[in-house]
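Note: hydrogens, waters and symmetry copies are ignored here, and every other heavy atom, side chains too, is used. To find a chain, count down the sequence lines: A is the first, B the second, and so on, and within it residues start at 1.
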Amino acid sequence: MNCNILRRDGLVLSRSFYDRPTLDVARDLLGRRLVCAGGGTQRAGRIVEAEAYIGPEDLACHASRGRTPRTEVMFGPPGYAYVYIVYGMHHCLNAVTEREGFPAAVLIRALEPEAGLDSRTDGPGRLCRALAIDRSFNGADLTGPRLFVEAGDRPASTPIAEELVASGSRVGVGYAGEWADKPWRFWLKGNRWVSRLKR
DNA sequence: ACCGTGATAATCT
DNA sequence: GATTATCACGGTG
């Protein structure tokens, strides 16, 4: 039995982790360990890239188009998964952040493979395919048994050291006017698993 | 650089 | 119900 991929409750990030400013959560998710226990298999990887989508004003955030069936979970409490399909074929995984009623989330963009992964995990669509994350995970409790995040390589209460983090503009949001230029994409500096590393 | 692909939501009839 | 515009991507060349 591989103990490395078993859930250890004390190490799972609690709801309060997500109930914070989205930029803080996005940075602090780097280095954490995402575990998916769906389909009888445990798959896990270290988060190395993430993007923040923040509130109704952010034109790159789906919630800026209003509260719809698709975006409903973003308006709910923090610590739940927002999973949607883009371009008709790719699933994307987000962690809902901030207080209930304020729509915001962090898009998980890339993982460094750790367990049970046999296809690429650089990119939000590929990551979901590798972990077998589909729409059935939309609204899943990230503090629950199916899909969760462990503290990873540092204590849950310790933010990541700033010198390890690089930031830049978010991918694929050129339509969002001034919001497209916000440096709300974060990745582990120099990590080989980061998608489309631009600098 | 190019473009397939189909869900989503708004805008019609 | 039908039509249309849009798209938080990825594979190919």
So, A/Ser136 and A/Arg146: side-chain donor and acceptor under 3.5 Å apart, yes or no? yes
Base, sugar-phosphate, or nothing for A/Arg129, non-hydrogen atoms under 4.0 angstrom? sugar-phosphate
Measure the distance from CG on A/Asp122 to P on C/dC9 and round it to the nearest whole Å. 13 Å
Answer whether the closest heavy-atom distance between the side chains of A/Val73 and A/Tyr80 falls below 4.5 Å. no
So where does chain A start and stop touching DNA chain B, 5' to 3', when the test is distance under 4.0 Å to a non-hydrogen atom? B/dG4 to B/dA10
One thing to verify: whether A/Arg15 and A/Asp19 come together as a salt bridge, which I'm taking to mean a side-chain N less than 4.0 angstrom from a carboxylate O. no
Ring pair (Phe, Tyr, Trp, His ring centres under 6.0 Å) partners of A/Tyr84, counting only residues at least two apart: A/His62, A/Tyr82
Any pair counted as side-chain hydrogen bond (donor to acceptor under 3.5 Å, both in side chains), so long as it reaches residues 45-58 of chain A, sequence neighbours left out: A/Arg46-A/Glu112, A/Arg46-A/Asp153, A/Glu49-A/Arg109, A/Glu49-A/Arg185, A/Glu49-A/Ser195, A/Glu51-A/Tyr53, A/Asp58-A/Arg170
Charged N-O contact under 4.0 Å between A/Glu150 and A/Arg32: no
Using whole Å, report how far CZ of A/Arg185 lies from P of C/dC9. 10 Å
Honestly, is A/Arg20 close enough over A/Phe17, meaning NZ or CZ under 6.0 Å from the six-membered ring centre and within 45° of the axis? yes
Write down the distance between OH (A/Tyr84) and P (C/dA8), rounded to a whole number of angstrom. 6 Å
Can you check whether A/Tyr175 has a side-chain N or O nearer than 4.0 Å to OP1 or OP2 of C/dA8? yes
Quick one: on DNA chain B, does A/Arg135 or A/His90 contact a more 5' nucleotide (nearest heavy atom)? A/His90
Between P of C/dG10 and CG of A/Leu127, the distance in whole Å: 9 Å
Roughly how many Å is it from CG in A/Leu93 to P in C/dC9, rounded to a whole number? 14 Å
May I ask whether A/Val48 and A/Ile160 are part of the same hydrophobic cluster, defined by side-chain heavy atoms of I, L, V, M, F, W, Y residues being less than 4.5 angstrom apart, directly or through others? yes
Under 3.5 Å: donor-acceptor pair, side chain of A/Lys189, backbone of A/Glu163: yes
Rounded to the nearest Å, what distance is computed from the CE atom of residue A/Met74 to the P atom of nucleotide C/dA8? 10 Å
Start at the 5' end of DNA chain B and walk down; is the nucleotide closest to A/Met89 or to A/Gly66 reached first? A/Met89
Ignoring backbone atoms, establish whether A/Arg65 has a side-chain N or O less than 4.0 Å from OP1 or OP2 of C/dT6. no
Using a 3.5 Å limit for the pairing distances, which stems of at least 3 consecutive Watson-Crick or G-U wobble pairs does DNA chain C take part in? B:1-4 with C:9-12, B:6-12 with C:1-7
Under a 4.0 Å heavy-atom cutoff, the residues of residues 48-60 of chain A touching DNA chain C are A/Tyr53, A/Ala60
With sequence neighbours excluded, tell me which residues meet salt bridge (charged side-chain N to carboxylate O under 4.0 Å, His left out) with A/Asp134. none
Taking atom CD as the centre, does A/Glu162 end up with more than 12 heavy-atom neighbours from other residues, nucleotides or ligands that are less than 6.0 angstrom away? no
